[in-house]
There are 2 protein chains.
Amino acid sequence: MWSISHKVVIVNSELHHIHWFINLPSSVMKRMQHTCDLKSCFLCRRCLPEWIPAVGAHQKNRHYRKGELIFAEGDAVDGIYFLYKGIVKVHKRWGDKQLILHFAGVGDMIGYRGLGENRTYPVTASALDDVIVCFIDAAFFEATLHANHQLTYSLMQFYANELQAAEQRMRNLAHMEVRGRIADTLIMLSRRFGQNSEGALNITLTRQDMASYSGTTYETFFRVLSELARKKIIKLSGKRISILKQDKLAELTAYS
Amino acid sequence: MWSISHKVVIVNSELHHIHWFINLPSSVMKRMQHTCDLKSCFLCRRCLPEWIPAVGAHQKNRHYRKGELIFAEGDAVDGIYFLYKGIVKVHKRWGDKQLILHFAGVGDMIGYRGLGENRTYPVTASALDDVIVCFIDAAFFEATLHANHQLTYSLMQFYANELQAAEQRMRNLAHMEVRGRIADTLIMLSRRFGQNSEGALNITLTRQDMASYSGTTYETFFRVLSELARKKIIKLSGKRISILKQDKLAELTAYS
DNA sequence: CACAAAATATGATTTATGTCATGTTTTTAT
DNA sequence: ATAAAAACATGACATAAATCATATTTTGTG
């Protein structure tokens, strides 16, 4: 009996996801709203209750139109942002090329890369959609860290995880073949943004942006995507990408 | 008088070390000794005085011979290490290739990459020399973090810096040409390990290891090194590499 | 000290991936 | 609605860097 439903799940990762959504803990559900409620974000969930009013007093909502920059590589660090609506791409430039480090979605922090010793943003953050963020200036954020040990500890863990992921990607950029990195990108998009009941990713990006995340050119990305579609591992319809065989995709990210 | 001993020093890298040692600021001096004195390391310098005895009780000195592994990629995380003697290379494998992430020297931490959510080391640490470390088990280290806010804050900041550096290298692996990455490697070695008065790096590594740090093959590394030597930007004599024109090297790491 | 193993040196060859060129379709802005 | 600008699609071609092959030198070890 289980083997049967098992099969359904594999073929249709859609149902799987709806199920997941319905069962979200209310704490996460609340994160879906469009402005700060002083309860849901990474920061508020880890602050002492008596500190929360101060957060309320310092927090500012900001809005950006599609294409606008939230900050640019080299800008002085002004603070940290929590994303409440839209998608933001975080990237580094090299001449006329770019490497995208992160597609930030609702609930994600932005600007945390500027909190080390170098007080200038090492990346650019640009709105891929209309975006709403909650902004907290650096001085108040630092005061918050000093007043809330639990937040500092969580942020430390967060950075540790990010570092681990970054170094994994370094290895992939150095040694994995492009096909593997592209498969990795698709898997990441599926994991972070989910798929609908037909297997289609719940996010649409330009091919250029997905290529820039994979560390390759548009043309190579396009060719590999076509190849995967030919092999029925994915399905393409316009901007929408559906993952048909997650396992085959995962195989491509393994050494052989 | 000093200039004379200076000259002696150069020829004999033994003596050279002594000289260097003598001129270090006292804060750094203390870090140079071969075992923990409960005062000098990243951890002790940031702990509350009343916590130090606990550190003393938990800290263990360990010794590794050249070539030995301190831990391997995939191993369960046991704790964190502070390096008191020798050089350790920290690397990730991909089939029969590797990417070196870090050459740890005296005073550096090792194993901190294992402190995120994934409790297995994402890297291998191997001794390039005879090595002495101070080991602190993960459970006690976490207790220490919870008891010492300043340490947690510093570690957070440390991770933030590492993340920034890692993402810079990601960009370089994706878009910079090999020549630039190799120049970058030489500059990093100079900055981290210093040069003697003739410009020679105070560290000797195999070409393969330097290539693996640069994200390329031995052959390509060798060819670029020869080219740089031909252009008198560096000088090669056996394993020793001297940097003659730091500025030319820096130019190679810029976009053109 | 000798001898095996590792590291170095270098030319020849291959290949994966980037670049260029061109046309079409889709999106965005007026 | 329509023009201009992005984004998409694909074939042809170029090339940086990897791979392969082979000889030499250095280093570590019984």
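Order of the sequence lines sets the chain letters (A, B, ...), proteins ahead of strands, with each chain counted from 1.
Atoms CE (A:M210) and P (D:dC8) sit 7 Å apart, rounded to a whole Å. Residue A:Q208 contributes atom CD, which lies 19 Å from atom P of C:dT26 at whole-angstrom precision. For the pair B:F221 CZ and D:dT19 C1', the computed distance is 19 Å after rounding to whole Å. The distance between atom CD1 of A:I241 and atom P of D:dA9, rounded to the nearest whole Å, is 10 Å. Taking atom CD of A:E219 as the reference point, atom P of C:dT22 lies 14 Å away to the nearest angstrom.
When each of B:E177 and B:K66 is assigned the nucleotide of DNA chain D bearing its nearest heavy atom, the one mapping closer to the 5' terminus is B:E177.
Proximity of a side-chain donor or acceptor of A:R171 to a complementary backbone N or O of B:W94 within less than 3.5 Å is not detected.
Under the 4.0 Å criterion applied to side-chain N and carboxylate O atoms, A:K231 and A:E227 are assigned as salt-bridge partners.
Of the candidate nucleotides C:dT8, D:dA18, D:dT10, C:dT8 has the atom lying nearest to any side-chain atom of B:K239. Taking every side-chain heavy atom of A:T220 into account, C:dT17 is the closest of C:dT17, D:dC8, D:dA21. Taking the side chain of A:R223 as heavy atoms from C-beta on, and the options C:dT19, C:dA12, D:dT10, the nearest nucleotide is C:dT19. Checked against D:dT19, D:dA9, C:dG18, the side chain of A:T217 finds its nearest nucleotide in C:dG18.
For D:dA9, the base has a donor-acceptor partner in the side chain of A:Y218 [N/O atoms by modelled type, under 3.5 angstrom].
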Starting from the C-alpha separation in whole Å, work towards a yes-or-no answer on ring pair (Phe, Tyr, Trp, His ring centres under 6.0 Å) for A:F193 and A:F103. CA-CA 10 Å; A:F193 298 95; A:F103 293 108; 7.3 Å; no
